[in-house]
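Each chain gets a letter, A, B and so on, in the order the sequences are listed, and its residues count up from 1. Nothing here was measured: the structure is a model prediction, and the numbers come from that model.
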2 protein chains.
Amino acid sequence: MISLAEENYLKALFNLSNEIGEVNVNELSKELKIKMPTVTSMMKKLSEKKLVYYESYKPVKLTEKGKKEAGLIIRKHRLTEMFLVEKMGFGWEEVHEIAEQVEHIQSFNFFEKMDELLGFPQVDPHGSPIPDKNGKITWVEYNKLSECKTGDIVKLSAVIHTSSDFLKFLNTRELKLGLKIKIKSIESFDKSMVVSYGKRPSESLSHTVCERLLVEHV
Amino acid sequence: MISLAEENYLKALFNLSNEIGEVNVNELSKELKIKMPTVTSMMKKLSEKKLVYYESYKPVKLTEKGKKEAGLIIRKHRLTEMFLVEKMGFGWEEVHEIAEQVEHIQSFNFFEKMDELLGFPQVDPHGSPIPDKNGKITWVEYNKLSECKTGDIVKLSAVIHTSSDFLKFLNTRELKLGLKIKIKSIESFDKSMVVSYGKRPSESLSHTVCERLLVEHV
DNA sequence: TAAATTTGTTAGATTAATCTAACTTTATAG
DNA sequence: CTATAAAGTTAGATTAATCTAACAAATTTA
Ligand SMILES: [Mn+2]
Ligand SMILES: [Mn+2]
Ligand SMILES: [Mn+2]
Ligand SMILES: [Mn+2]
């Protein structure tokens with residue numbers, strides 16, 4: 001059995017290693033807001049359980065078993081977020097906190113039913129891929145909007161750093177997944193972009209914003 | 001803050017006091033499958049928090065605050081059961097275990113949304129009343145089918161002792177809430193009843209079963 | 001490379017929730 | 001009304017998950 005606390009460590013490890021590759025105790029500690037000595041002792045425990053590879057003073061890595069368990073928790077998280085948005089009418093900025101709790105529910109059928117009712121979605125409301133029943137993720141390579149050039153027409157496919165504040169900001173600009181965006185110009189001094197999309201012929205987006213928007217070329 | 005463990009004690013206390021009136025440590029211990037010394041120490045803690053009245057060797061009682069908190073947890077439990085049945089397609093025999101976990105989710109909006117989507121239901125899939133937003137239950141007085149007499153026509157309104165096995169048994173007999181049942185005869189030697197309902201002109205129900213079916217006279 | 005900083009570990013304490021063993025109080029049965 | 005049984009408490013141990021303080025290793029900076 002994997003406890004709720006252990007599940008949160010596995011999930012954090014999985015997410016961090018996809019973002020930054022190797023994960024050290026310090027980073028895990030910051031991510032989880034748990035002090036380093038606690039993280040160290042949890043790594044020893046997870047290592048006993050064959051969920052991570054851990055050696056003193058070295059970065060931590062998930063084992064295959066650990067990856068699978070983490071993937072399954074993230075699957076539950078993302079299916080939940082999708083269900084909350086698609087079937088219960090929540091906004092994409094409201095669902096993370098709830099999913100953070102629901103992901104720990106132990107019931108195969110509960111998430112199976114969500115999956116069915118949603119028609120087996122491949123991504124969550126933020127465009128993040130939903131792991132399959134083996135915890136495996138199919139990665140799709142997107143580009144950051146910030147890396148596109150003037151004249152490009154792209155489709156908004158995912159957002160990163162999905163804080164509630166950032167998502168609310170995107171709401172105010174009517175920026176949603178699936179939207180076609182045309183890059184009209186790029187300011188060289190601050191890398192901000194002027195773009196058009198939907199019913200908005202001219203919107204200015206800061207470089208910070210553009211770095212958080214993932215797009216596909218169309 | 002009320003911990004998950006504390007929530008389970010409050011809920012058990014609420015349910016038991018509605019079934020049997022005064023609740024002593026021993027009964028609580030059996031209900032929760034937690035040893036008596038643990039229950040005693042938890043009663044001291046809940047007493048500190050003004051959620052129960054507790055004195056050594058006396059039965060335990062919920063305070064008004066305790067009743068409200070317990071009612072709100074039961075509200076979440078029953079809304080969840082209703083949502084699982086009505087919106088997710090689960091059978092009434094499958095929902096209790098899941099609701100037992102979901103009831104601890106901390107999110108006003110999550111349960112608010114369920115309530116709305118369900119159209120503010122008054123009872124759960126087993127006919128148990130759903131407490132209001134103040135944790136208050138409106139009790140409706142039903143009769144046990146076992147206490148009815150030959151010739152009575154009644155509506156099945158709720159079931160008690162909602163074990164999965166019992167509910168599966170009711171499924172095999174197509175017994176559902178809302179059904180009109182006519183009592184054709186009662187065997188004096190074992191108090192079993194011969195009844196008709198739906199497309200079933202003659203079904204025999206044991207006294208044990210009849211004691212667990214709550215009905216309204218029509 | 002030596003000093004300073006950052007990162008990581010060890011040791012020991014704390015809190016919540018549980019248990020067993022031993023003892024006490026209350027209830028029940030002769 | 002005593003003896004036995006049932007219910008309840010106290011004391012002390014255990015496990016999981018956290019913390020702080022002190023120390024150690026590794027990395028960065030000067
Ligand atoms: Mn999320
Ligand atoms: Mn979580
Ligand atoms: Mn519960
Ligand atoms: Mn129920």
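- When heavy atoms are screened at a 4.0 angstrom cut-off, B/K44 is found touching the sugar-phosphate backbone but no base atom.
- We find that CD of B/E22 is positioned 16 Å from C1' of D/dG8, with the value rounded to whole Å.
- Between the side chain of A/T40 and the backbone N or O of A/M36, at least one donor-acceptor pair lies under 3.5 Å.
- Side-chain contact of B/N171 with B/W92: a donor-acceptor pair under 3.5 Å is present, judged by distance alone.
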Produce the list of close N/O pairs, under 3.5 Å, pairing protein atoms with atoms of nucleotides 19-25 of chain D; give distances to one decimal.
residue : atom : partner : partner atom : Å
D/dC19  : OP2  : A/K35   : N            : 3.0
D/dC19  : OP2  : A/T38   : OG1          : 3.0
D/dA25  : O4'  : A/Y57   : OH           : 3.4

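- With A/V159 as the fixed residue, the side chain to side chain contact (heavy atoms under 4.5 Å, CB included) test singles out one of A/L167, A/V209, A/L175: A/L167.
- Formation of a donor-acceptor pair under 3.5 Å by the B/D152 side chain with backbone atoms of B/K149 is found in this model.
- Between B/K30 atom NZ and D/dA7 atom P the separation is 5 Å, expressed in whole Å.
- Rounded to whole Å, atom C1' of C/dA16 lies 13 Å from atom CG of B/L46.
- Rounded to whole Å, the distance from CG on A/N26 to C1' on C/dT9 is 13 Å.
- Within the 6.0 Å centre-distance limit, the rings of A/H77 and A/H96 are counted as a close aromatic pair.
- OP1 or OP2 of C/dT9 has at least one side-chain nitrogen or oxygen of A/T40 nearer than 4.0 Å.
- Here D/dA6 presents its C1' atom at 17 Å from CG of B/L28, a figure rounded to the nearest Å.
- Listed pair A/Y9 / D/dT18 meets the phosphate criterion, a side-chain N or O lying under 4.0 Å from OP1 or OP2.
- Between the P atom of D/dA7 and the CE atom of B/M43 lies a distance of 17 Å, rounded to the nearest Å.
- Side-chain atoms of B/N26 and B/K30 form a donor-acceptor pair, as typed in the model, at a separation below 3.5 Å.
- Computed from coordinates, the A/E27 CD to C/dT7 C1' distance equals 10 Å when rounded to whole Å.
- Distance, B/Y54 OH to D/dG8 P: 9 Å, rounded to whole Å.
- Judged purely by distance below 3.5 Å, without hydrogens or angles, the side chains of A/D165 and A/S163 never pair a donor atom with an acceptor atom.
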